[in-house]
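Accompanying notes for the structure given below.
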Amino acid sequence: DVKVTQSSRYLVKRTGEKVFLECVQDMDHENMFWYRQDPGLGLRLIYFSYDVKMKEKGDIPEGYSVSREKKERFSLILESASTNQTSMYLCASSLTGSTDTQYFGPGTRLTVL
Amino acid sequence: GQNIDQPTEMTATEGAIVQINCTYQTSGFNGLFWYQQHAGEAPTFLSYNVLDGLEEKGRFSSFLSRSKGYSYLLLKELQMKDSASYLCAVPENQGGKLIFGQGTELSVKP
């Protein structure tokens, strides 16, 4: 079974703090994704990566950056957290192409105070 | 561009059948995914259709009509645990991204 894990289920941070969200997959998948999910707005893609050290902006990259130094790990960084970044953050991975199933991690519920 | 439409909410009764529709507009087509997401949890894969017709998997079936840009998810013998959000998604033409619909919140009542 594919396993995607995220570093925290719940996280509370203060405005202006630097926040790291980590995601690890154990199935040698090429693609990894970071989404945020908000009520009424659905899943929105922040960034994705199709290879080590490669990254592509998604639909809402502003205020975020990412890092993929190893194939199995994809990190989302909030350089200076703001209250409007309070959300559920979901990581996903898939084998290679867009027609390969994406497998999601359990999510991190981030609250920025 | 690509666009996906699903109803926002549906309600059904335990033991009944419910059909959740999804219409999409894409400049190319590479299949359609359905995911289930329980409240507070991650989406989980249900089905992937690339050819026209109905594919059955136990109580869940998924239908696709490429000419109509239309898919539906059919849930039979509804159970309370089927209360969840159902997400329709299509692959982007280029690159590895999925375009997700807003999701349909299904409530199953006793």
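Residue numbering restarts at 1 for every chain, and letters A, B, ... go by the order of the sequence lines.
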Inter-chain contacts: residues 100-110 of chain B against chain A, heavy atoms under 4.5 Å: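 Within residues 100-110 of chain B, the residues that come under 4.5 Å of chain A (heavy atoms only) are B/F100, B/Q102.
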Polar side-chain atom of [X] near backbone of [Y] as donor-acceptor pair, under 3.5 Å:
X     : Y     : answer
A/T15 : A/S82 : no
B/R66 : B/G69 : no
A/S49 : A/R68 : no

Chain A contacts, top residue of B/P91, B/A42, B/G40, B/P43 (heavy-atom pairs, under 4.5 Å): B/P43
Aromatic plane relationship, A/F33 with A/Y35 - under 30° parallel, 30 to 60° tilted, over 60° perpendicular: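 Ring orientation of A/Y35 relative to A/F33: parallel.
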Connected via hydrophobic side-chain network under 4.5 Å: A/L90 and B/F45: yes
Nearest atoms (heavy-atom pairs only) where B/F63 meets B/S71: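 Closest approach of B/F63 to B/S71: O-OG, 2.7 Å.
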Residue among A/E30, A/R9, A/Q37 with most heavy-atom pairs under 4.5 Å to chain B: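 Result: the option with the highest number of such pairs is A/Q37.
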Greatest number of heavy atom pairs closer than 4.5 Å to chain B - which of A/D59, A/L43, A/T99: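 Most pairs with chain B among the choices: A/T99.
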Heavy-atom check, side chain of A/D100 versus side chain of B/Y48, under 4.5 Å: no
Polar side chain donor-acceptor pair, A/Y64 to A/R36, under 3.5 angstrom: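 A donor-acceptor contact under 3.5 Å links the two side chains.
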Portion of B/L87 that has a non-hydrogen atom of chain A nearer than 4.5 angstrom: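 Contact with chain A: side chain only.
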